[in-house]
2 protein chains.
Amino acid sequence: MSAIPLVPRKRGRPLKGESASLRDDLILTSAKLFRTQGYERTTVRDIAAAVGIQAGSWFYHFKTKQDILVAVMEQGMANSLARIEALDVDNLPAREAFHALVRTHLKTMVSPDHDFIPVLLYEWGSLDEDRKVTVLKLKERYETVWDGVIARLHESGEWIAPTQIDRLMTFGALNWAVQWYRPNGPLNLDELTDNAVQFLLRSEAAPASVTVSAPVAKRSRKTKTG
Amino acid sequence: MSAIPLVPRKRGRPLKGESASLRDDLILTSAKLFRTQGYERTTVRDIAAAVGIQAGSWFYHFKTKQDILVAVMEQGMANSLARIEALDVDNLPAREAFHALVRTHLKTMVSPDHDFIPVLLYEWGSLDEDRKVTVLKLKERYETVWDGVIARLHESGEWIAPTQIDRLMTFGALNWAVQWYRPNGPLNLDELTDNAVQFLLRSEAAPASVTVSAPVAKRSRKTKTG
DNA sequence: CCTACCGATCGGTAGG
DNA sequence: CCTACCGATCGGTAGG
């Protein structure tokens, strides 16, 4: 109401440990809101409120709503890329390399607090055309890593005749997990990974600790056409 | 301006052959707009204009914007279900049955003028919770058909140890095609189907007419992390 | 199915 | 980072 602007912002959601910059906080919060509500349904006021500032103040940090959407996507993609490049996949046997890629990919997608990539995947259409370029470059580097490992799997005979379409299908299978996987459900990340790898590679070796198996239940929990 | 309501509506986009009811036209047009622009970015005015009526008149046919969204999803799911049940999958050998399912699934998703399922898949979050129920019931019937065929593939030894997760991954791989497949691109529907089936079943038999192969190109055309 | 219109919301700005 | 506020848009309604 009255003007007492010197009070430091009190956010509803304090960051654990080092409190990041407000800017980082805004990006993180936006990612979460964009994921759960969608970009269009999330208002600048929502973000501001969630972070504990006034709506008008928001525009001090970002010029437009699109700016924070790119920020989310870029940061998400940059982090994923960094994580996957850190695997140093070239020094692993093809199959282990693939397993590591799948695990990392699923992890960045599916963990709570990792809202960036889901936003990237499902709000891509909300991003203005000219802003897509930067993100696309990062994506290409990301895909290159996968292509390399798949090529090696092909050489070792573990992936018969991979086509361009195979990688697309692979990503599809994995990305879909966003729709149905629940972090606190019956499957943990490692089990999910084992299942995915087995599905994608159709190896003889059955995944280690899968209790969920059974020859296809009549129905699983409610999910989207999946 | 003045009240001359007897003039039949002149739409910008005439339907070919039998002109369907305005209501059907509205649903069809909404589906297309929802797919290309997203639900939230599509205004009631957009739909009205595309169909050649006034914004206010729109509400004569549908009470709320949500009403037309469910209509799109229900009709899409009902049609898909009908198509897939028409395959009479029980009277086909497991593998052929699976092939038919995949083809039909891809077709309803990927053909131009089949915007319903993409809307269902990618605007699910925009649908009010209480409206989801009807659509979910249709989905379950749809999934049951798949489960049956997968179970038979398991029996015939063509699908090793299918888990609940396998069907989810399968749908993921197929549904992702919405993101990258272009009807007028290098792959036609049959080639796409062959590729998908081979990917999903990892058979010895290579798909018939795949020119796109080659041991994983360094990059395909620009797509989303896929 | 049209006209006229409203109430609310929303992205964004000015000025401090 | 706040206050105050605007211009536009949007879903929806009234009344015919």
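Quick note on labels: first sequence line is chain A, next is B, and so on, each numbered from 1.
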Whole-Å distance separating the [atom1] atom of [X] from the [atom2] atom of [N]:
{"X": "Q66(B)", "N": "dG12(D)", "atom1": "CD", "atom2": "C1'", "value": "14 Å"}
{"X": "F62(A)", "N": "dG12(C)", "atom1": "CZ", "atom2": "C1'", "value": "16 Å"}
{"X": "I53(B)", "N": "dT3(C)", "atom1": "CD1", "atom2": "P", "value": "12 Å"}
{"X": "K63(B)", "N": "dG12(D)", "atom1": "NZ", "atom2": "C1'", "value": "13 Å"}

query = Of all residues at least two apart in sequence or in a different chain, which pass the salt bridge (charged side-chain N to carboxylate O under 4.0 Å, His left out) check with R23(B)?
reply =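 R23(B): no salt bridge (charged side-chain N to carboxylate O under 4.0 Å, His left out) contacts found.
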
inquiry  = Both H61(B) and A55(A) contact DNA chain C. Which one's nearest nucleotide lies toward the 5' end?
reply    =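 Result of the comparison: H61(B).
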
query = Does the ring centre of H105(B) sit less than 6.0 Å away from the ring centre of F98(B)?
reply =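 So the answer is no for these two rings.
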
inquiry  = Centre-to-centre under 6.0 Å for F171(B) and W146(B), is that the case here?
reply    =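 Ring centroids of F171(B) and W146(B) are less than 6.0 Å from each other.
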
Pairing of [X] and [Y] as salt bridge, 4.0 angstrom limit:
{"X": "E140(B)", "Y": "K137(B)", "result": "no"}
{"X": "R41(B)", "Y": "D46(B)", "result": "no"}
{"X": "E123(B)", "Y": "R35(B)", "result": "no"}

Criterion side chain to side chain contact (heavy atoms under 4.5 Å, CB included) against L192(A), the qualifying member of V102(A), L106(A), L174(A) =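 Result for side chain to side chain contact (heavy atoms under 4.5 Å, CB included) with L192(A): L106(A).
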
note = Symbol by symbol from the 5' end, with Watson-Crick or G-U pairs under 3.5 Å, [ ] crossing and | another strand, DNA chain C is ||||||||||||||||

Please enumerate all protein N or O atoms sitting under 3.5 Å from an N or O of nucleotides 8-11 of chain C, with distances to 0.1 Å.
from	atom 1	to	atom 2	distance (Å)
dG11(C)	OP1	K65(A)	NZ	3.1
dG11(C)	OP2	V44(A)	N	3.0
dG11(C)	N7	R45(A)	NH1	2.8
dG11(C)	O6	R45(A)	NH2	3.0

inquiry  = How close do E191(B) and P186(B) get, counting heavy atoms only, and between which atoms?
reply    =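 Here E191(B) and P186(B) meet closest at OE1-O, 3.5 Å.
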
